[in-house]
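Below, chain A is the first sequence line, B the second, and so on; all start at residue 1.
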2 protein chains.
Amino acid sequence: MVTINDIAKEAGVAKSTVSRYLNNGSVSADTRRKIDKIIEKTGYTPNNFARSLKAQKTNMIGVMIPRLNSASTNEVLEGIDEMTRKLGYQLIITNSDQNNEREFENIQTLAKQKVEGVIMFARELTPEHIDTVKKTGTPFLFIGQKAEGIHSIIHQDYQAGAKIGTYAIELGHRHFLYVGVPEKDRAVGVERRQGFLDAVRPVNGSTVEKIESDFSRTSAYQKALAFLPKTEATYIVCATDNIAVAVLKAAKDLGYSIPEDFSLSGFGGYEATAYVSPTITTVSYPYREMGLEAVKKLVRLIGKEEVPNISEMGNELVINQSTAYFDKI
Amino acid sequence: MVTINDIAKEAGVAKSTVSRYLNNGSVSADTRRKIDKIIEKTGYTPNNFARSLKAQKTNMIGVMIPRLNSASTNEVLEGIDEMTRKLGYQLIITNSDQNNEREFENIQTLAKQKVEGVIMFARELTPEHIDTVKKTGTPFLFIGQKAEGIHSIIHQDYQAGAKIGTYAIELGHRHFLYVGVPEKDRAVGVERRQGFLDAVRPVNGSTVEKIESDFSRTSAYQKALAFLPKTEATYIVCATDNIAVAVLKAAKDLGYSIPEDFSLSGFGGYEATAYVSPTITTVSYPYREMGLEAVKKLVRLIGKEEVPNISEMGNELVINQSTAYFDKI
DNA sequence: TTGTATGCGTTATCAG
DNA sequence: CTGATAACGCATACAA
């Protein structure tokens, strides 16, 4: 490996001169040219570890994601990737496989790697999470969930739920089936649902049946297969677009027509909702922008700037073919 | 930050003793207990940079992916993630946004980070790619494409194409539409298609029309919308499952029935093919296993072991509802 | 502008 | 088993 020392020797200068060349640049035109050429020739590149060791600074940002095959996660990641690049940081991505133990591990691993800050896609948040995070002393930013005393950036899930509820009521529906996810995920499992319920429940004669799935399509498909034949509902609210796609599939396999037999909607605004038939009504979330914002916010955090504890991203109702007026009496 | 020195001082021993404690372990039970306690108390964790600097070894593996929102890529990544974890390596993932310049950059960035090896998801391979890679001197493994003088692990794309071709002929089809991708991606754009053509062309009276899309659903959808009304084909071969999903959508929007008006198939075995109606016939690829294999192979490479230049992964025809016998005369 | 010397946190070598 | 010391590659304070 070629080091700053080799360069210095070959150029006949002190290594501090080479170092200066590399950093400030207070070097005479002559030596500059010499060093230029030698670096070119040898293909020298500075050793980041030595640098980090010295500077006590790594220029790295860590990202923790719960799983790799999530459409929403990946869109946020695109935004994160873009902004970290723009701001000159290097990204380290760790995957925790939706497993708490591995999340704890990863929090510590990243801290050990001396990343300057961490963006964590939060799912289920336990006190132990909060604890582990706080112990690291590293700036942390949660995405998707809020927690006492930790900065976060979240979706307006309650409002999203309310949008769907209001819309469905306007269409004339009164009987709903809500396909939810576990409450451990507060944002999706609780907030989103509560927004919907609060919009729908006050309406005279409305009913809501609930079933619970997990985030996988297979689970949602199975549940729907079993439950659709029994339900009184005319409108099916799915807690995510993935679930909606799976429920749509189950409905078709059971011989139902959407939206004739059931109206159906999801949350998220995934591309998939536009490539099934009928296309699925949903609430679209600004995932990419969220990623951009997250990095900006984290970097301010790293720089000890004052930043609001919680930032919220908006969202937008997207009406597609899977929902229709309810006009049978 | 608490260092080995602090520990040593507090324990009243030399820092080399602490270091030994941390590594080999040749320490008296007494000092061991003392150090144990202090480390526990202070929450000391070794500084990886100092370690790497000393050891000239980073324990990191770099991964270069062309984009974050690809189903196949992410499945391979899951495998890679699993195996790197198992083997005790840390992962650095970089995204190049399907952009050659950024690929060159990333190759060098990773080399600078002194990763011990790199797994690169190859798309289009130019001489400059090969060149840049070779200059780094870092062990490289290509996934998905092969290149002279660089180790790689690839799919049997030719065989996959042939499987679809043979199957379609058996169904009685003779007129085909092939929705392909640019040839710059040799594996998908050339090999896969060639396997199909070689299986189909020898058959009497067979015809193949070709159109080209890119890897995005939007592009495929638009092309299909324009081309389906004009085609003579009874079977549409799509170069990827994503394309197939988009073409299916276009066909439906145009009022066609699948498989009555057209049979349709893709490649890849993505989950999406199972959650549209009809489900789409495809060739399923062992993505996750590929990730596992890739890491194993790279690690052998890092260890200077002898490994075959090219490894191939098999694949499997998955017959679904989108294909049917052609029996109209 | 340039060079000397020192230290970042760790490991390895070699005496004791 | 333990301790002193050098070295990894780089940046910087300070002197020249």
*Looking across every strand, which nucleic acid part, if any, lies under 4.0 Å from B:Thr3 by heavy atom: base, sugar-phosphate, or nothing?*
sugar-phosphate
*Within this structure, what is the CG-to-P distance between A:Asn5 and C:dG3, rounded to whole angstrom?*
13 Å
*Starting at NZ of B:Lys9 and ending at C1' of D:dG3, how long is that distance when rounded to a whole Å?*
16 Å
_Spacing of CG belonging to B:Asn100 relative to CZ belonging to B:Arg102, to within rounding of 0.5 Å_ = 12.0 Å
*Choose from C:dT1, D:dC8, D:dT2 the nucleotide whose nearest atom is closest to any side-chain atom of B:Lys54.*
D:dC8
_Distance in Å, B:Ile39 CD1 paired with B:Glu10 CD, rounded so as to fall on 0.5 Å steps_ = 11.0 Å
_Among B:His129, B:Glu124, B:Glu128, side chain to side chain donor-acceptor pair (under 3.5 Å) partner for B:Thr126_ = B:His129
*asked:* Students often get this wrong, so: under 4.0 angstrom with heavy atoms, is A:Ser16 touching a base, only sugar-phosphate, or nothing?
replied: base
*asked:* Nearest whole Å is fine: how far is C:dC14 C1' from B:Arg20 CZ?
replied: 12 Å
*Starting at atom CG of B:Leu22, determine the distance to atom P of C:dA12, rounded to an integer number of angstrom.*
11 Å
*Of all the choices, D:dA11, C:dT4, D:dT5, which nucleotide is nearest to the side chain of B:Lys15 once you look at every atom?*
D:dT5
*Remember a base hit wins even if backbone is also touched, and classify A:Ser52 as base, sugar-phosphate or nothing at under 4.0 Å, heavy atoms.*
nothing
_Minimum-distance nucleotide (side-chain atoms of A:Gln56 versus C:dT1, D:dC1, C:dG9)_ = C:dG9
*Within the structure, does a side-chain N or O atom of B:Arg51 lie under 4.0 Å from either OP1 or OP2 of C:dT11?*
yes
_Side chain of B:Met1, heavy atoms from C-beta onward: which of C:dG9, C:dT1, D:dG3 has the nearest atom to it?_
C:dG9
*For B:Ser28 and B:Leu53, take the nucleotide of DNA chain D holding the closest heavy atom to each; which residue's nucleotide lies nearer the 5' end?*
B:Ser28
*Any salt bridge between A:Lys296 and A:Glu293, counting N to O under 4.0 Å?*
yes
*Could you tell me the separation between the CG atom of A:Asn23 and the P atom of C:dT1, rounded to a whole number of Å?*
15 Å
*Any side-chain donor paired with an acceptor under 3.5 Å for B:Asn95 and A:Asp81?*
yes
*Take the angle between the ring planes of A:His155 and A:Tyr285 and call it parallel below 30°, perpendicular above 60°, tilted in between.*
perpendicular
*asked:* Expressed as a whole number of angstroms, how long is the span from B:Asp30:CG to D:dT2:P?
replied: 8 Å
*Between B:Ser19 and B:Ser16, do the side chains contain an N or O donor and an N or O acceptor separated by less than 3.5 Å?*
no
_Within the 4.0 Å heavy-atom criterion, would you say A:Val18 contacts the bases, only the backbone, or no part of the nucleic acid?_
nothing
*Nearest of D:dA4, C:dT10, D:dG9 to any side-chain atom of B:Ala14?*
D:dA4
*Starting at atom CD1 of A:Ile4, determine the distance to atom P of D:dC8, rounded to an integer number of angstrom.*
14 Å
*Phosphate oxygens OP1/OP2 of D:dT2: is one of them under 4.0 Å from a side-chain N or O of B:Thr31?*
yes
*Tell me which residues in residues 42-49 of chain B put a heavy atom below 4.0 Å from DNA chain C, sorted by number, or none.*
B:Tyr44, B:Pro46, B:Asn47
*Under 3.5 Å, is there a donor-acceptor pair linking the side chains of A:Tyr44 and A:Asp6?*
no
*Between D:dC10 atom C1' and A:Asp6 atom CG, what is the distance in whole Å?*
13 Å
